[in-house]
Amino acid sequence: QVQLVESGGGLVQPGGSLRLSCAASRSIFSLYAMGWYRQAAGKQRELVATITTGGTTNYADSVKGRFTISRDYAKNTLYLQMNSLKPEDTAVYYCNVHSARRDYWGQGTQVTVSS
């Protein structure tokens, strides 16, 4: 059983910051690439950032320079540090694990950026 639990979402004003966390099953955390995706109301789910087991990162152009993805192997936790938030960042953010068999997803955490 693979379990992903996101936390850290909330309501912030434009220009503010949030850090999202994703606690993952220890049995698979270190084995696969992971990522953050988001889905805004009425929109399709889109990739935000990914990180390989070796630490290589990739970001959507819309968040480059503002967001940072990282993983803590000791804590089996994936993070997304979000700075300089914009209203267009408003979405449900999902944690992802890309395993050999399938992709696993968390329940999502809501991020709302509004004045």
Side-chain angles (χ1 to χ4, degrees):
Q1 288 282 342
V2 174
Q3 184 174 339
L4 304 174
V5 181
E6 298 103 328
S7 63
L11 173 65
V12 296
Q13 295 189 5
S17 297
L18 282 175
R19 188 181 73 166
L20 306 184
S21 298
C22 172
S25 301
R26 63 185 301 229
S27 61
I28 54 89
F29 182 81
S30 65
L31 301 178
Y32 308 105
M34 299 183 69
W36 288 97
Y37 292 72
R38 67 187 182 187
Q39 186 168 24
K43 303 290 185 179
Q44 293 227 279
R45 187 176 300 182
E46 65 176 357
L47 184 146
V48 176
T50 59
I51 185 167
T52 68
T53 56
T56 300
T57 58
N58 181 63
Y59 298 92
D61 288 339
S62 59
V63 306
K64 285 182 179 177
R66 300 188 298 120
F67 291 10
T68 302
I69 188 171
S70 62
R71 61 198 299 170
D72 187 332
Y73 287 96
K75 296 181 178 180
N76 299 310
T77 301
L78 179 74
Y79 299 100
L80 183 68
Q81 178 66 48
M82 305 185 294
N83 299 324
S84 301
L85 284 162
K86 304 174 180 180
E88 50 263 46
D89 295 318
T90 296
V92 177
Y93 284 70
Y94 297 91
C95 178
N96 166 265
V97 176
H98 185 64
S99 77
R101 290 179 173 271
R102 57 160 287 184
D103 285 297
Y104 294 91
W105 301 91
Q107 82 289 346
T109 185
Q110 177 71 49
V111 172
T112 302
V113 185
S114 177
S115 59

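Numbers here simply count residues along the sequence, with the first being 1.
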Within the side chain of [X], is there an N or O that forms a donor-acceptor pair under 3.5 Å with the backbone of [Y]?
| X | Y | value |
| --- | --- | --- |
| Q107 | E6 | yes |
| Y73 | T53 | yes |
| S25 | S27 | no |
| R71 | T52 | yes |
| Q39 | A91 | no |

**Message:** Looking only at the side chains, is there a donor atom on one of Y104 and R102 sitting less than 3.5 Å from an acceptor on the other?
**Reply:**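 No, R102 and Y104 have no side-chain donor paired with an acceptor closer than 3.5 Å.
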**Request:** Compare every heavy atom of I51 with every heavy atom of L78, then report the nearest pair and how far apart it is.
**Result:**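 It is CD1-CG2, 3.7 Å.
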**Item:** Shortest non-hydrogen contact from A40 toward T90
**Value:**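 Nearest pair, atom of A40 first, then T90: CB-O, 3.6 Å.
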**Asked** Of the options S21, C95, S7, which is the one that meets T77 in a side-chain contact (heavy atoms from CB on, under 4.5 Å)?
**Response**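 The option that passes is S21.
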**Prompt:** Heavy atoms, side chains only, cut-off 4.5 Å: are V63 and R38 in contact?
**Reply:**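 Side chain of V63 against side chain of R38, heavy atoms only: contact under 4.5 Å found.
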**pair R66-Y59: side-chain heavy atoms closer than 4.5 Å** =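 Sidechains of Y59 and R66: no contact.
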**Request:** Check whether W36 and V113 end up in the same hydrophobic cluster, where Ile, Leu, Val, Met, Phe, Trp and Tyr are linked by side-chain heavy atoms less than 4.5 Å apart.
**Result:**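 Yes, it is one cluster - the side chains of W36 and V113 are joined through contacts under 4.5 Å.
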**Asked** Thinking salt bridges, do K86 and D89 make one under a 4.0 Å N-O criterion?
**Response**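 Here K86 does not pair with D89 in a salt bridge, since their nearest N and O are not under 4.0 Å apart.
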